[in-house]
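Structure, as structure tokens:
In this text the structure is predicted, and so the values were computed from the model without any measurement. Worth knowing before you read on, the calculation uses all heavy atoms, side chains too, and leaves out hydrogens, waters and symmetry mates. Throughout, residue positions are numbered sequentially from 1 according to the sequence presented.
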Amino acid sequence: GGFYHLKKFTVGPDAVPAKLHWFKWEAYTTWLSGISLLAVVYYFDARVYLLDPAVSQLLPWQGIVVGVVVLVIAWLVYDVLCRTSLRNKPLLLGGIIFLWFACLAWVLTQLLSGRAAYIHLGAAIGTVMVANVFFVIIPAQKEMVRALAEGREPDPSFGANGLLRSRHNNYLTLPVLFTMISSHFPSTYGHELNWLVLVIISVAGIIARHYFNLRHLQRTLIWMLPAAFGILLTAMWLAAPRTTLVAVNSPAVSDEQMLGIMESRCVACHSDVPSHPGFVTAPKNVVLQNIEQIRQHRSLIYQTTVVTQVMPLANLTTMVDSERQQVKRWVEAQ
């Protein structure tokens, strides 16, 4: 309904405006709601989403400790790096920070389920971003406001430090956004090199973000967008499902056999009234209690139990490879 004019000051305007808006609660409420969801979804029943026996043999309480400690360690290491002389070499500092998060991604995928590893890396980066706002950016801005109110020259070092952290937050935004929706893409977190897939996608996001930052400064480098898209295509190729044809002499799988596999391995969750204590309704409303329902969802069953093998969740019902092969033959015969 009108025109808005925003102006950025390096060390503050000549006079303090009568009304200031502090951009902080947007970050705080996002983090608080995210941490609450993290606890509800991943910690209330850690066996469902947090842990995967095929990855590690952590007990539920150990997995929760790993998840919480990662949030703290991520901030401490990042903050120490930003306080060293590296802050005077922003490009080198940014590269080291990226490598730190890449290493963290690898560690998480060795301890937690792929899905939990992705979301916890996103939570760790999000914690760093919010901590930047709480511990550095807002205090720096308040110091500049105090200086202006007291009629003294603001210390430019506060603004420079806040600017450095703000830039980091800017470039970390797209990687965090992807981890927030990654549970919808099992071919990424379910890949055997899931940490590498995440790193590649993050690189594409950072390059795309840099392009628009430069465009805002009227310095466009048009090759950046095709480069980001090419890197994203690499991640798509790497995470693409690989399938093989059924051997000619493979025995056919009957509807009764398929129904039996679903009943023993999947129906505990995917039924009208799940017997698994972690669910009160079937995940995604996918019910697999009869052969018609199974046939309706055969593509989803194929992708999650045969291709990515992220189902059953953490393989709690111990589906074996021979059963996955039977599912494969039944679906491909439809």
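- Other residues, nucleotides and ligands contribute over 12 non-hydrogen atoms within 6.0 Å of the CZ atom of Arg295.
- Remark: the backbone N or O of Gln289 is paired with a side-chain donor or acceptor of Gln293 at under 3.5 angstrom.
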Q: Starting from the C-alpha separation in whole Å, work towards a yes-or-no answer on side chain to side chain contact (heavy atoms under 4.5 Å, CB included) for Met262 and Ile291.
A: CA-CA 9 Å; Met262 294 295 104; Ile291 199 64; over 6 Å; no
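- Between the side chain of Glu323 and the main chain of Val320, a donor-acceptor pair closer than 3.5 Å is present.
- Side-chain contact, Trp75 with Asn132: no donor N or O sits under 3.5 Å from an acceptor N or O.
- Between Ser202 and Phe101, every side-chain heavy-atom pair lies at or beyond the 4.5 Å cut-off.
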Q.
Using salt bridge (Lys or Arg N to Asp or Glu O under 4.0 Å), reason through Arg146 and Glu150 one step at a time and then give a plain yes or no.
A. CA-CA 6 Å; Arg146 281 194 299 269; Glu150 296 169 2; 5.5 Å; no
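- Here CG of Leu196 is found 10.0 Å from OG1 of Thr234. Values are rounded to the nearest 0.5 Å.
- The main-chain N or O of Ala268 is never found under 3.5 Å from a side-chain atom of Ser271 such that the two would form a donor-acceptor pair.
- Without hydrogens or angle criteria, Arg209 side chain to Leu174 main chain gives no donor-acceptor distance under 3.5 Å.
- For the pair His270 (side chain) and Ala282 (backbone), a donor-acceptor distance under 3.5 Å is absent.
- For the pair Arg115 and Tyr189, the tightest heavy-atom approach, listed with the atom from each and the gap, is N-CD1, 3.3 Å.
- Under the 4.5 Å side-chain criterion, counting only non-hydrogen atoms from C-beta, Val70 is in contact with Leu108.
- Note that the OG atom of Ser33 and the CG atom of Leu38 stand 11.0 Å from one another [nearest 0.5 Å].
- Residue Leu313 holds its CG atom at 8.5 Å from OG of Ser113, rounded to the nearest 0.5 Å.
- The OH atom of Tyr302 sits 12.5 Å away from the CZ atom of Arg298 when rounded to the nearest 0.5 Å.
- Using a cutoff of 4.0 Å between basic side-chain nitrogens and carboxylate oxygens, Asp79 and Arg165 are scored as salt-bridged.
- A side-chain donor-acceptor contact under 3.5 Å links His191 to the backbone of Leu238.
- In this structure, NZ in Lys24 is found 13.0 Å from CD1 in Ile137, a value given to the nearest 0.5 Å.
- Taking the six-membered ring for Trp, Trp25 and Tyr28 have ring centres closer than 6.0 Å.
- Hydrophobic clustering (side-chain heavy atoms under 4.5 Å, transitive across Ile, Leu, Val, Met, Phe, Trp, Tyr) groups Val145 together with Phe135.
- Note: the hydrophobic cluster containing Leu198 also contains Val107 (ILVMFWY, side chain heavy atoms under 4.5 Å, direct or indirect links).
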Q) Can you list the steps and then say if His210 with Leu221 is a side chain to side chain contact (heavy atoms under 4.5 Å, CB included)? A) CA-CA 9 Å; His210 188 54; Leu221 295 177; 5.7 Å; no
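- Hydrophobic cluster membership differs between Leu163 and Leu81, with clusters built from Ile, Leu, Val, Met, Phe, Trp and Tyr side chains linked at under 4.5 angstrom.
- Arg324 places a side-chain N or O within 3.5 Å of a backbone atom of Thr305 that can act as its donor or acceptor partner.
- For Leu91, the CG atom counts as loosely surrounded, since its 6.0 Å shell holds 12 or fewer non-hydrogen atoms of other residues, nucleotides or ligands.
- Between Tyr49 and Ile119, the closest side-chain pair of non-hydrogen atoms is not below 4.5 Å.
- Between Tyr43 and His120, the ring center distance clears the sub-6.0 Å criterion.
- Proximity of Ile97 to Leu93: side-chain heavy atoms (C-beta onward) are separated by under 4.5 Å at one or more points.
- The main-chain N or O of Gln303 is found under 3.5 Å from a side-chain atom of Thr308 such that the two form a donor-acceptor pair.
- A 6.0 Å sphere centred on CE of Met180 holds no more than 12 heavy atoms belonging to other residues, nucleotides or ligands.
- Between the side chains of Asn213 and Asn170, at least one donor N or O sits under 3.5 Å from an acceptor N or O.
- Around atom CZ of Arg152, more than 12 heavy atoms belonging to other residues, nucleotides or ligands sit under 6.0 Å away.
- With contacts defined as side-chain heavy-atom distances shorter than 4.5 Å, the pair Ile64/Tyr42 does not qualify.
- A heavy-atom distance below 4.5 Å is found between the side chains of Ile294 and Trp330.
- Between Gly63 and Leu50, the shortest heavy-atom distance links the atoms C-CD2, 3.5 Å.
- Both Phe185 and Trp237 are part of a single hydrophobic cluster, where members link through side-chain heavy atoms under 4.5 Å apart.
- In the model, Tyr78 has a side-chain atom that pairs as donor or acceptor with a side-chain atom of His168 under 3.5 Å.
- From Ile201, atom CD1 reaches atom CE of Met236 across 9.5 Å, with rounding to the nearest 0.5 Å.
- Put simply, the side chain of Asp52 does not reach to within 4.5 Å of the side chain of Leu112, judged on heavy atoms.
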Q | Step-by-step side chain to side chain contact (heavy atoms under 4.5 Å, CB included) determination, Thr304 to Leu300 | A | CA-CA 6 Å; Thr304 56; Leu300 181 61; 4.0 Å; yes
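- Under the 4.5 Å side-chain heavy-atom criterion for Ile, Leu, Val, Met, Phe, Trp and Tyr, Leu51 and Leu37 are members of distinct hydrophobic clusters.
- When side chains are defined from C-beta on, Thr173 counts as touching Leu177, because their heavy atoms get closer than 4.5 Å.
- In this structure, Arg47 places its CZ atom where only 12 or fewer heavy-atom neighbours from other residues, nucleotides or ligands lie under 6.0 Å away.
- Across Ala102 and Val199, no two heavy atoms sit closer than the pair CB-CG2, 3.9 Å.
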(Q) Applying side chain to side chain contact (heavy atoms under 4.5 Å, CB included) to Leu92 and Ile96, what does each step give before you reach the verdict? (A) CA-CA 6 Å; Leu92 177 60; Ile96 293 174; 4.1 Å; yes
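- Closest of all the heavy-atom pairs between Val55 and Leu111 is CG1-N, 3.9 Å.
- Judged by distance alone, with hydrogens and angles left aside, the side-chain atoms of Gln326 form no donor-acceptor pair with the main-chain N or O of Gln257 at under 3.5 Å.
- Residue Trp106 places its CH2 atom among 12 or fewer non-hydrogen atoms of other residues, nucleotides or ligands, all under 6.0 Å distant.
- Aromatic rings of Phe23 and His21 (six-membered ring for Trp) have centroids within the 6.0 Å cut-off, being under it.
- Taking each heavy atom of Thr179 and Gly122 in turn, the nearest pair found is OG1-CA, 3.1 Å.
- A pairwise comparison of heavy atoms in Val197 and Ala235 identifies O-CB, 4.4 Å as the closest pair.
- Counting only distance, with no hydrogens or angles, the side chain of Asn169 and the backbone of Met129 share a donor-acceptor pair below 3.5 Å.
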